[in-house]
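Written out below as structure tokens is the structure these notes cover.
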Amino acid sequence: MIVLRAPLMGEDIYRLKSGDQVMVEGTVYAARDAAHKNMVNAIEQGLSLPFDLEGQIIYYVGPCPAPPGKVIGSAGPTTSGRMDAYTPFLIERGLKAMIGKGDRSSEVIAAMKKYGAVYLATVGGAGAYLAERIKKVETIAYPELGPEALLKLELRQFPCIVAIDCQGHNIYDISKGI
Amino acid sequence: MRLVSYDEICQGVKRAVIKANTILPDDILAALQLAAEKESSSRGRMFLNIILENAAIAQKEKMALCQDTGMLAAYIKLGQEVKIVGGSLEAAVNAGVRDGYQEGYFRKSIVNDPFIRVNTGDNTPAIIHIRMVEGEHFRITVLPKGAGSENMGQVAMLKPSQGINGAKDFIVQVVETAGANACPPLVVGVGIGGSMDKAADLAKQALMRPINLPHSSPEIAALEKEMLLRINALGIGPQGMGGDTTALGVNINTFPTHIACLPVAVVLGCHCTRRCSIEL
């Protein structure tokens, strides 16, 4: 089993092939639509980002509130395609991996190939299962966005499949018979 | 005349909201179990097994099955002999939604305006459909539906000359376009006939019928079966990972239509299609 832990280096990315099963361990940043919009606005205005993107992993998730005795509520992936408009900006600035569900645009795949990044799919709709693999949660920016705030998460044995590798091989094309 | 109070409605909706978001319906669970046994793709099987484990954890821990606890649609069958006392029906339903999402620790996913987009903070308003029926019935069915699948639905106003083959091709095309985004294996709700809005309503309501219960008309039941086979031949598989299980069921509803119309609506339900009915 391949284990991925940020910060990711070039060699971590280049050895991954579409279809590989991986376990993500350690730090990832949770961000979805509104947090992406804020981050790209910050980049365009020349402001600094809430965290250094270099070698990092972003998980597309907007979790449920934590019930008593838990660090987080249900926390499965959201549809990645909604982040496509923002993702190339982040990959250019060092983002190395994204976790989500569903296919990506040709612009995102081009940026992944150019800068060396990988797209991982995890199980959409398995929010309770995946929440049990999140051990620590810290809000680091945009608390006003509620479920869309930017979070720092600590994962343990978080199962993913390499959906699109840095050569652009795409599991969704294969499953569609392309 | 039967009296039903605001508080009874509010409490009933709250219970239904919590149950719907934490316990997968029996028919969906049984279909997932069967799919996990039959799926030939190893990645597909791995994802189906995680989905089944998720359902067990959600029920045991009383956690949301999916973090997208949806925009809630409430379908109310209201007997004309019922009088509601203590407040309005709409306010009672929304109060039940607010309390259910709060007590269940569910995500609040509703924004106040499509462009301004400020979270309303309590997952209201719900989308409320009321149908008056004879007698003293009071039945509420709640469908908390996530946006991943909702965003991939489509309506087509076909020409009558396109006929049943046009409808079949459109249904398959919607599922193919949705790919992994709608969280397959899907429950596919189809509405054919009426007007544009009626077809969409029929399609959404088709998701409320258990997937092990075919349409009462043998012709439509055969169409449901044929569509399920065609959709599963696409090879999209669980979460787009490839495999035999792209849909768990196809439910079709039809209605009379205009001489010039052939509306077809396809509403996609994810593998976590949630619903719960209560009688008051």
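Letters A, B, ... are given to chains in the order of the sequence lines, protein chains preceding strands, and every chain is numbered from 1.
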Within 45 degrees of the axis of the six-membered ring of A/Tyr129 and under 6.0 Å from its centre: does A/Arg133 put its NZ or CZ there? yes

Can a side-chain donor-acceptor contact be found between A/Glu154 and A/Thr27 if the only test is distance below 3.5 angstrom? yes

Can you tell me which portion of B/Asn181 sits under 4.5 Å from chain A's heavy atoms? Options are side chain, backbone, both or neither. both

Please tell me whether B/Arg45 and B/Ser41 have a donor and an acceptor in their side chains that are separated by less than 3.5 angstrom. no

Is it the case that the side chains of A/Thr79 and A/Lys101 hold a donor-acceptor pair, with the cut-off being a distance below 3.5 Å and no angle test? yes

If we define contacts as heavy-atom pairs under 4.5 Å, which of B/Met46, B/Arg117, B/Lys108, B/Lys62 has the most with chain A? B/Met46

Residue, of A/Gly102, A/Cys64, A/Ala34, A/Pro63, that accumulates the most heavy atom pairs under 4.5 Å with chain B: A/Cys64

Do A/Arg104 and A/Tyr119 form a cation-pi contact, if we require the NZ or CZ to be under 6.0 Å from the six-membered ring centre and within 45 degrees of the ring's axis? yes

Contacting region of A/Ala66 [heavy-atom separation from chain B under 4.5 Å]: backbone

If we define contacts as heavy-atom pairs under 4.5 Å, which of A/Pro68, A/Gly69, A/Gly100 has the most with chain B? A/Pro68

Contacting region of A/Ser80 [heavy-atom separation from chain B under 4.5 Å]: neither

To the nearest 0.5 Å, how far apart are CG in B/Leu72 and CZ in B/Arg274? 10.0 Å

Do A/His36 and A/Phe89 make the cut of ring centroids closer than 6.0 angstrom? no

Under 4.5 Å, counting heavy-atom pairs only, tell me which of A/Ser74, A/Gly19, A/Gly127 racks up the most with chain B. A/Ser74

Is A/Glu144 in contact with chain B via its backbone, its side chain, both, or neither, using a 4.5 Å heavy-atom distance? neither

Given that the side chain runs from C-beta out, which part of A/Pro159 has a heavy atom under 4.5 Å from chain B: side chain, backbone, both or neither? side chain

Within the 4.5 Å heavy-atom criterion, are B/Ser109 and B/Met71 side-chain neighbours or not? no

Region of A/Gln21 in contact with chain B, defined by heavy-atom distances below 4.5 Å: side chain

The interface call for A/Pro67 against chain B, heavy-atom contacts under 4.5 Å, is both

